[in-house]
Enquirer: 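Dumping the structure here so I can ask a few things about it.
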Amino acid sequence: MKPLPQEYFFNSDVVYLAEDLIGKKLCTNIGGHYTSGIITETEAYCGRNDKACHSHSGKRTARTEIMFHEGGKAYVYLCYGIHNLFNITTNIEGLADAILVRAIQPVDGVEIMLQRRKKGDVDKTLTSGPGTLSQALGIDRSLYGSELSGPEIWIEETALPPDGEIVSTTRIGIDYAGDDALLPWRFYLKNSKWVSKY
DNA sequence: CTAACGATTCGCT
DNA sequence: GCGAATCGTTAGT
């Protein structure tokens, strides 16, 4: 277990970090089971001047509280009453930025992921989507506020694949954000099949 | 206290 | 392709 240093997440450029996290390995050790996957898709959310972000314009509530703390923690919240969506908080105390992890490529503990997802075979529906990857890795709201330096959840350095071209597009499912829905703050590996949507 | 809604997914047509 | 599922959070009464 070699987690990225906490300072990595203090970076004030959340859009840069969202792109930089592509290709790194997200690992969990939950319920005695080690699982991991390469991050293939992310979205940046900025606490200032971004209406798509839960913490936009200083909207500090019980749910968004953790984003206002220093970066490097897990922000997990329930979406549509069903799905646990996993975010990485970034920036320093008081600046509420976060990065949503939307898809991963399974690496370790595939059998456990299949079991958690109640699937028989490995295909892109196993971990390509913010709700499904959380389920596969065993992430739920009990991890809200956890340090991303382990021991339950952490992120490790890895090398990008040789053909690891990253592309950016608009974010998914945030039409309510007006002009901010047009920002190209979604990143994914161009040649990966482990991406939620194209 | 009450009501509306969502950074989605899955199953059925 | 379309609609239901499902409940915590939020804002308003």
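Labels below follow one simple rule: chain letters A, B, ... track the order of the sequence lines, proteins then strands, and each chain is numbered from 1.
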Enquirer: Under 4.0 Å from OP1 or OP2 of dG8(C): is there any side-chain N or O of R63(A) that close?
Expert: no
Enquirer: Describe the nucleic acid contact of L100(A) in one word from base, sugar-phosphate, nothing, applying a heavy-atom distance below 4.0 Å.
Expert: base
Enquirer: Counting the atoms with a prime plus P, OP1 and OP2 as sugar-phosphate, which does R102(A) contact under 4.0 Å by heavy atoms, base, sugar-phosphate, or nothing?
Expert: sugar-phosphate
Enquirer: Using a 4.0 Å heavy-atom cut-off across all strands, classify T132(A) as base, sugar-phosphate, or nothing.
Expert: sugar-phosphate
Enquirer: Could you check whether R186(A) gets within reach of a base, just the sugar-phosphate, or nothing at all, counting any heavy atom under 4.0 Å?
Expert: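 Since no nucleic acid heavy atom lies under 4.0 Å of R186(A), the category is nothing.
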Enquirer: Just to be sure I understand the rule, does K51(A) reach a base, reach only the sugar-phosphate, or reach nothing, if contact means heavy atoms closer than 4.0 Å?
Expert: nothing
Enquirer: Within this structure, what is the SG-CG distance for the pair C46(A) and D97(A), rounded to the nearest 0.5 Å?
Expert: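 C46(A) SG to D97(A) CG: 4.5 Å, rounded to 0.5 Å.
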Enquirer: Is any side-chain heavy atom of I166(A) less than 4.5 Å from a side-chain heavy atom of L189(A)?
Expert: yes
Enquirer: Run the numbers on R117(A) and Q135(A) for side-chain hydrogen bond (donor to acceptor under 3.5 Å, both in side chains), then give the verdict.
Expert: CA-CA 6 Å; R117(A) 294 273 298 121; Q135(A) 193 182 5; 2.8 Å; yes
Enquirer: Anything under 3.5 Å between a protein N or O and an N or O of nucleotides 1-6 of chain C, put it in a table, one pair a line.
Expert:
residue: dT6(C); atom: O2; partner: Y80(A); partner atom: O; Å: 2.4

Enquirer: Assign T61(A) to base, sugar-phosphate, or nothing according to its heavy-atom contacts below 4.0 angstrom with the strands shown.
Expert: sugar-phosphate
Enquirer: Check step by step if side chain to side chain contact (heavy atoms under 4.5 Å, CB included) holds for E65(A) and H69(A).
Expert: CA-CA 7 Å; E65(A) 175 67 22; H69(A) 294 205; 3.1 Å; yes
Enquirer: Look at K59(A) and dT10(C) and indicate whether a side-chain polar atom (N or O) is within less than 4.0 Å of OP1 or OP2.
Expert: no
Enquirer: Any non-hydrogen side-chain atom of R186(A) less than 4.5 Å from a side-chain atom of S196(A)?
Expert: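 They are in contact (side-chain heavy atoms under 4.5 Å apart), so the answer is yes.
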Enquirer: Starting from the C-alpha separation in whole Å, work towards a yes-or-no answer on side-chain hydrogen bond (donor to acceptor under 3.5 Å, both in side chains) for S192(A) and Q105(A).
Expert: CA-CA 8 Å; S192(A) 176; Q105(A) 171 183 341; 4.6 Å; no
Enquirer: If you measure from the Lys or Arg side-chain nitrogens to the Asp or Glu carboxylate oxygens, is any gap between E156(A) and K24(A) under 4.0 Å?
Expert: no
Enquirer: Do the non-hydrogen side-chain atoms of E41(A) and L133(A) ever get within less than 4.5 Å of each other?
Expert: no
Enquirer: If a pair means Watson-Crick or G-U wobble with both distances below 3.5 Å, what does DNA chain B look like in dot-bracket form, with | marking bases paired to a different strand?
Expert: ||||||.|||||.
Enquirer: Taking any atom under 4.0 angstrom from a heavy atom of chain A, which nucleotides of DNA chain B are the first and last to qualify, 5' to 3'?
Expert: dG6(B) to dC10(B)
Enquirer: Between E43(A) and R102(A), does at least one N-O distance fall below 4.0 Å, as a salt bridge requires?
Expert: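 A salt bridge is present here (some side-chain N lies under 4.0 Å from a carboxylate O).
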Enquirer: Give me the ring orientation class for Y34(A) and W154(A): parallel if the planes are under 30° apart, tilted from 30 to 60°, perpendicular past 60°.
Expert: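 Y34(A) and W154(A): parallel rings.
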